[in-house]
Amino acid sequence: LLHLQTSSPVRNYFLSDKVSSLELKPVLTVSPSWPSPGASVTLSCEVEPSSAGWRIYWYKAVPDLSHKSYRYELLPGGVAGTMKDSFIIDGQKHTAGFACRAGRGNPEDFTQYSEPKFVWSTDPHPAASLSVSPDREQHFTSESVTLNYGGNSAEWRVMKFSVTGHLIYLRICWAMTGSLCTINRTHSDKSVYWCESKSGEFSAAVNLTVHNEGLLLVSPVHPVTEGASVTLSCRLRGENKLSDVIFYHNDKLIQNDSRGELKISAVSQSDEGFYKCEHSGNVSPQSWMGVKVLPRPEHPSFPVLLVAGLGGLSGKILIILLILLSHCRYLKGP
Ligand SMILES: *[C@@H]1O[C@H](CO)[C@@H](O)[C@H](O)[C@H]1NC(C)=O
Ligand SMILES: *[C@@H]1O[C@H](CO)[C@@H](O)[C@H](O)[C@H]1NC(C)=O
């Protein structure tokens, strides 16, 4: 166990000036925790009893495999510290860990480092991938799940961040065999898993839900690429295929028949969201299915640009005609 804290930490400081900085531990928050690739992330650092007068230093967390912890490296732009208690990171692409600490006075007196906080990305990092077997988001308790990062365990480790009830904790996978981490939980748990290397590389993160409900939704762990097909299904403990299943998307019934499977032949962005299934009155927990949107072309192609300049209704009709024309040419071949 690396770090243990409750969501409502009990911290009673007496407002005397005898509190030494080293007894203080700032609390870092990061938002959003699942940014879309390339989005901005805001870090906020709170020092209690008062954030006033502190200079805040911002760090990235680099895994320290030998000490089962992290070491902290100043972020570019965080070197001189900031008088503001928030810090914006632009263009965050990958999973990463952050921390902060505060200092004041001359010579400068520092607080402890905050606990590390993470932003998770679904974007695969070129250096690392994490696969899950069986490949689905939900699992029954006491059924084993294997995570594989396909790397060298002297360089990499698997991490888990769990929010179960009011307990929030971060821990290292303790059942490692080579590059495999095996989970065999006897209690329900919803966690985020990722792998990270001592050189500071992080894989994409996945959500895994372990539960003891009668029914389990089979849904993909990694986001589905726009246009690809996906099939969701439903499972009872120990039984494979079910028919007569009802599927819900964001709590709205979308299929109720005997097929037992929800097939989406070309996934679009509107298919993103929470799914769950129901069979004979049993309802599974819900899981998030992400959709990876393909980059759109940045500029409209030449004829559309030209016609858009005309504006008005005639312009719009011309655009439609041109699109139809290009489709016809495409169908007829070169
Ligand atoms: C994990 O779940 C959260 C919502 O609980 C969602 O925002 C996020 O995109 C999910 N991540 C993946 C990889 O599906
Ligand atoms: C699903 O369909 C069955 C058979 O048509 C029907 O009896 C049942 O009420 C439907 N369930 C829901 C939740 O609409």
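When a ligand or atom number is given, it counts from 1 through the structure's own listing order.
- A ring-centre distance under 6.0 Å is found for F118 and W194.
- Residues meeting the salt bridge (charged side-chain N to carboxylate O under 4.0 Å, His left out) test with R235, sequence neighbours left out: E143.
- Atoms of ligand 2 lying under 4.0 Å from at least one heavy atom of I246, given by number and element, are 11 (N), 13 (C).
- For a heavy-atom separation below 4.0 Å, the residues in contact with ligand 1 are W34, T122, A205, N207, W288.
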If you apply the rule ring pair (Phe, Tyr, Trp, His ring centres under 6.0 Å), what do you find for F110 with Y57, and how did you get there? CA-CA 10 Å; F110 289 101; Y57 295 85; 5.5 Å; yes
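- With respect to the salt-bridge test (charged N to carboxylate O, under 4.0 angstrom), the residues K117 and E115 do not qualify.
- F87 has its side chain out of reach of T42: every pair of non-hydrogen atoms, C-beta onward, lies at least 4.5 Å apart.
- The pair D244-R259 does not meet the salt-bridge criterion, since no charged nitrogen lies less than 4.0 angstrom from a carboxylate oxygen.
- A salt bridge links R157 with E196: at least one charged nitrogen is closer than 4.0 Å to a carboxylate oxygen.
- Geometrically, ligand 2 and N256 share a nitrogen or oxygen pair separated by less than 3.5 Å.
- Counting the atoms of ligand 2 from 1 in the order shown, those under 4.0 Å from a heavy atom of L253 are 12 (C), 13 (C), 14 (O).
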